[in-house]
Amino acid sequence: MDVLRPVVRPYAWGSVDAIAELTGRPVPAPGPEAELWMGAHPAAPSGVDRDGVDRDGVDAGGRRTTLDDVIAADPDRELGCGCVARFGPRLPFLLKVLSAAHALSIQVHPSRAQAEAGFRAENERGLAADDPARNYTDDWPKPELLYALTPFEVLAGLRPPADAAQFLRALEVDQLTPLAAQLEAAASTQVLADVLGTILSWPHPADAAHLAYAAHPADAAHPADAAHPADAAHPADAAHPADAAQPANAAQPTLVGDVVAACARLAAAGGPYSGAAAAAVRIAADHPGDLGVVASLLLRHAVLEPGQAVFMAAGGLHAYLKGTGIELLANSDNVVRAGLTGKHLDVPELLTLLDPSVEVPILAPRPLADGIAWFDTPAPEFRLYLVDLVGNTVPLPGEGPRIVLCTEGSAVLRSETGQRAEIGRGGSCFVSAADGAVSCTGQAYLFLATVGPNPQTPGSPAGSVSTAQSA
């Protein structure tokens with residue numbers, strides 16, 4: 001067993017308090033702390049404590065010892081032969097604490113087949129591993145489970161077409177009326193992808209003005225007749241409306257501006273869409289002018305209560321908005337984004353990966369014995385257990401590689417091989433396959449990540465699943 005030294009990821013959307021408070025450091029942190037990674041992902045592998053290694057995870061030769069190095073040195077011992085046969089010499093899951101103070105990007109994750117094809121294609125194009133234009137940093141899928149430690153606001157999965165149409169009509173924004181009609185007339189959920197593509201490719205006002213100029217060049221010869229008579233004082237702007245500070249169609253607010261104003265009215269009025277409308281207003285404050293604000297209207301809005309979880313399958317569109325939780329995912333960082341971010345966007349690729357029919361379930365844990373519960377998901381790469389210790393000793397569930405995170409109290413872990421590890425609040429530990437059966441004792445609340453069941457062998461009974469309620 002190895003006590004882990006997780007890595008903090010300082011993304012701009014992160015909070016300054018939750019992760020620092022959990023790990024016993026001063027609050028507020030000096031800057032945003034978005035995620036705490038526990039695992040062996042090559043971008044941020046956890047440090048480990050082993051014989052001959054000091055507390056900073058550096059051996060006598062000055063080389064940092066990390067969990068990915070430990071696994072690479074003997075994958076059969078650390079992961080187990082069964083895990084290696086299924087997934088290769090790679091820890092198949094990554095455990096995180098995620099704390100969002102601002103909205104994350106609207107995104108989708110690939111299936112294994114899509115990730116393999118996308119990674120291969122980008123390699124064949126000669127994209128460097130660190131090229132920001134990459135969509136695929138590896139050839140793995142990225143299903144994920146998010147467990148709420150605090151109330152956690154999410155956009156998870158697409159609304160049914162009729163519900164999306166009703167929301168758009170409730171906003172009373174003229175530009176959205178044709179999209180609402182398109183949704184109402186649809187015979188399948190594929191229309192959601194079509195409408196999403198229309199929104200995300202909506203022309204910028206300057207672009208629209210340029211197109212209008214190209215279609216009606218004579219209008220430029222009479223700038224005083226334009227929607228902005230003041231342009232007559234600036235004929236150069238009228239001749240090149242795409243470059244003007246006030247483009248020809250700026251007499252009407254932009255689509256995003258119209259939608260935000262309408263959402264503010266709808267949020268204040270109450271009703272079934274007030275929560276989603278209020279969320280769009282908050283998103284717009286962080287991402288002014290971003291078409292992702294409009295696209296967010298197509299997604300189901302929900303607030304997870306502490307103890308609930310949401311599972312994101314391949315092809316499911318989502319955005320996490322605000323809250324702190326535990327995230328367990330396949331050991332990948334493949335994300336294809338469509339808005340609400342300054343990072344690389346690839347709308348065509350996102351639409352290729354998108355599956356509008358994907359259900360995004362909200363999960364409740366299934367109780368086992370001795371204060372242990374678990375979440376049932378179809379992901380073969382991981383399974384999440386909850387362990388509530390009340391002074392008793394219980395065997396850790398799962399087998400093969402496991403990672404244990406303590407969020408309350410402290411616990412002592414003992415393996416059948418005689419190893420012992422103690423973790424307190426914010427502490428975590430890697431349990432290798434070679435450690436065999438492990439018991440834990442103490443007063444603590446633990447999150448246990450392990451490999452998902454092999455579909456070739458009988459699995460556990462299905463978990464409790466409900467569908468997210470739209471708002």
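Side chains are part of it too, since the values below use all heavy atoms of this structure and drop only hydrogens, waters and symmetry mates.
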Q: Compare every heavy atom of Asp355 with every heavy atom of Ser357, then report the nearest pair and how far apart it is.
A: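 So the minimum-distance heavy-atom pair works out to OG-OD1, 2.7 Å.
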Q: Do side-chain atoms of Asp2 reach the backbone of Leu4 as a donor and acceptor pair under 3.5 angstrom?
A: no
Q: With side chains defined as the heavy atoms from C-beta onward, is the minimum distance between Pro151 and Gln308 less than 4.5 Å?
A: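 No, side chains not in contact.
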Q: If you measure from the Lys or Arg side-chain nitrogens to the Asp or Glu carboxylate oxygens, is any gap between Glu381 and Arg112 under 4.0 Å?
A: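 Yes, charged N to carboxylate O under 4.0 Å.
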Q: Would the distance check show the side chain of Thr150 and the main-chain N or O of Thr324 forming a donor-acceptor pair, the cut-off being under 3.5 Å?
A: yes
Q: What are the two closest heavy atoms between Val360 and Met312, and how far apart are they?
A: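 Heavy atoms only, the tightest pair is CG1-SD, 3.4 Å.
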Q: Just wondering, do Leu317 and Leu350 contact through their side chains at under 4.5 Å, heavy atoms?
A: yes
Q: Run the salt-bridge test on Arg383 and Asp376 with the 4.0 Å N-O cut-off and return the result as yes or no.
A: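 Yes.
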Q: Between Val387 and Pro397, what is the shortest heavy-atom contact and its length?
A: CG2-CD, 4.5 Å
Q: Report the distance from atom CG of Leu297 to atom CZ of Arg159, rounding to the nearest 0.5 Å.
A: 8.0 Å
Q: Assess the residue pair Leu155 and Ile283 against the criterion (side-chain contact (heavy atoms from CB on, under 4.5 Å)); give the C-alpha distance rounded to whole Å, side-chain angles, the decisive distance to 0.1 Å, and a yes or no.
A: CA-CA 11 Å; Leu155 299 174; Ile283 292 169; 4.2 Å; yes
Q: Are side-chain heavy atoms of Lys322 and His102 found at a separation under 4.5 Å?
A: no
Q: What residues form a salt bridge (charged side-chain N to carboxylate O under 4.0 Å, His left out) with Glu327, not counting sequence neighbours?
A: Lys96
Q: Quick check: closest heavy atoms across Ala373 and Pro365, and the distance to 0.1 Å?
A: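 For Ala373 and Pro365, the tightest heavy-atom pair comes out as CB-CB, 3.9 Å.
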Q: Could you give the distance from CD1 (Ile326) to OG (Ser99), rounded to the nearest 0.5 Å?
A: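 Between atom CD1 of Ile326 and atom OG of Ser99 there are 10.5 Å.
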Q: Could you tell me whether a side-chain N or O of Asp290 sits under 3.5 Å from a main-chain N or O of Gly339, the two making a donor and an acceptor?
A: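 A pair under 3.5 Å: no.
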Q: Is there a side-chain contact between Thr137 and Asn334 in this structure, where contact means two heavy atoms from C-beta onward sitting under 4.5 Å apart?
A: yes
Q: Where the side chain of Asp370 meets the backbone of Ile372, is there a donor-acceptor pair that is under 3.5 Å apart?
A: no
Q: With the side chain counted from C-beta on, respond yes when Leu405 and Val97 share a heavy-atom pair under 4.5 Å apart, and no when they do not.
A: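 Yes, at least one pair of side-chain atoms sits under 4.5 Å.
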Q: Please evaluate residues Arg414 and Thr393 with respect to the criterion side-chain contact (heavy atoms from CB on, under 4.5 Å), reporting the C-alpha separation (whole Å), side-chain torsions for both, the decisive distance (0.1 Å), and the verdict.
A: CA-CA 10 Å; Arg414 292 183 175 87; Thr393 298; over 6 Å; no
Q: Any donor and acceptor pair, going by atom type alone, linking the side chain of Asp435 with main-chain N or O of Ser432 inside 3.5 Å?
A: yes
Q: What verdict does the side-chain contact (heavy atoms from CB on, under 4.5 Å) test give for Val358 and Leu158, after you've listed the backbone C-alpha separation in whole Å, the side-chain angles of each residue and the deciding distance to 0.1 Å?
A: CA-CA 8 Å; Val358 166; Leu158 289 162; over 6 Å; no
Q: For a 4.5 angstrom cut-off between non-hydrogen side-chain atoms, does Tyr445 reach Leu386?
A: yes
Q: Parallel, tilted or perpendicular: which one describes the rings of Trp37 and His41, with boundaries at 30° and 60°?
A: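 The rings of Trp37 and His41 stand perpendicular, inter-plane angle above 60°.
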Q: Of all heavy-atom pairs between Val390 and Asn392, which one has the smallest distance, and what is that distance?
A: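 Scanning both residues completely, I find the closest heavy atoms to be N-OD1, 3.0 Å.
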Q: Name all residues meeting the salt bridge (charged side-chain N to carboxylate O under 4.0 Å, His left out) criterion together with Glu305; count only those two or more places apart in sequence or in a different chain, and write none if there are none.
A: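 In terms of salt bridge (charged side-chain N to carboxylate O under 4.0 Å, His left out), with neighbours along the sequence ignored, Glu305 is linked to no residue.
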Q: Side-chain donor-acceptor pair under 3.5 Å between Ser105 and Gln107, yes or no?
A: yes
Q: With a 4.5 Å cut-off on side-chain heavy atoms, are Asn331 and Phe93 touching?
A: no
Q: Tell me if a side-chain donor or acceptor on Asp138 pairs with a main-chain N or O of Ser332 at a distance below 3.5 Å.
A: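 No, Asp138 side chain to Ser332 backbone: no donor-acceptor pair under 3.5 Å.
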Q: I need the Leu291 CG to Leu340 CG distance, nearest 0.5 Å.
A: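 With rounding to 0.5 Å, CG (Leu291) is 10.0 Å from CG (Leu340).
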Q: Could you state the interatomic distance from CZ (Arg90) to CG (Leu79), rounded to the nearest 0.5 Å?
A: 11.5 Å
Q: Just wondering, do Val294 and Trp202 contact through their side chains at under 4.5 Å, heavy atoms?
A: no
Q: Tell me if the CD atom of Glu349 is crowded by more than 12 foreign heavy atoms within 6.0 Å.
A: yes
Q: Looking at Glu122 and Asn135, would you say the former's side chain and the latter's main chain have a donor-acceptor pair under 3.5 Å?
A: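 Yes; judged by distance alone, with no hydrogens or angles, the pair exists.
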Q: Taking all non-hydrogen atoms of both residues, which atom of Leu266 and which atom of Ala277 are closest, and how far apart?
A: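 Result for this residue pair: CB-CB, 4.0 Å.
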Q: Parallel, tilted or perpendicular, judged at 30° and 60°: which one describes the rings of Tyr385 and Trp374?
A: tilted
Q: Measure the CD1-CG distance between Ile106 and Leu196 for me, rounded to the nearest 0.5 Å.
A: 7.5 Å
Q: Check the orientation of Trp140 and Phe87. Use parallel for under 30°, tilted for 30 to 60°, and perpendicular for over 60°.
A: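 Taking Phe87 first and then Trp140, their aromatic rings sit tilted (interplane angle of 30° to 60°).
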Q: Rounded to the nearest 0.5 Å, how far does CG of Leu446 lie from OG1 of Thr407?
A: 7.5 Å
Q: Among residues two or more places apart or on two chains, list those pairs meeting ring-ring contact (aromatic ring centres under 6.0 Å, His included) that have a residue in residues 109-135.
A: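 Listed by first then second residue: His109-His318.
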Q: For side chain to side chain donor-acceptor pair (under 3.5 Å), just list the numbers for Asn123 and Arg134, CA-CA rounded to whole Å, side-chain angles, deciding distance to a tenth of an Å, and then say yes or no.
A: CA-CA 10 Å; Asn123 287 344; Arg134 263 192 179 274; 2.4 Å; yes
Q: Keeping the roles fixed (side chain from Glu35, backbone from Arg9), state whether a donor-acceptor pair exists under 3.5 Å.
A: no
Q: Let me see the working for Tyr147 and Phe375 under side-chain contact (heavy atoms from CB on, under 4.5 Å), right down to the final yes or no.
A: CA-CA 10 Å; Tyr147 173 98; Phe375 286 97; 3.6 Å; yes
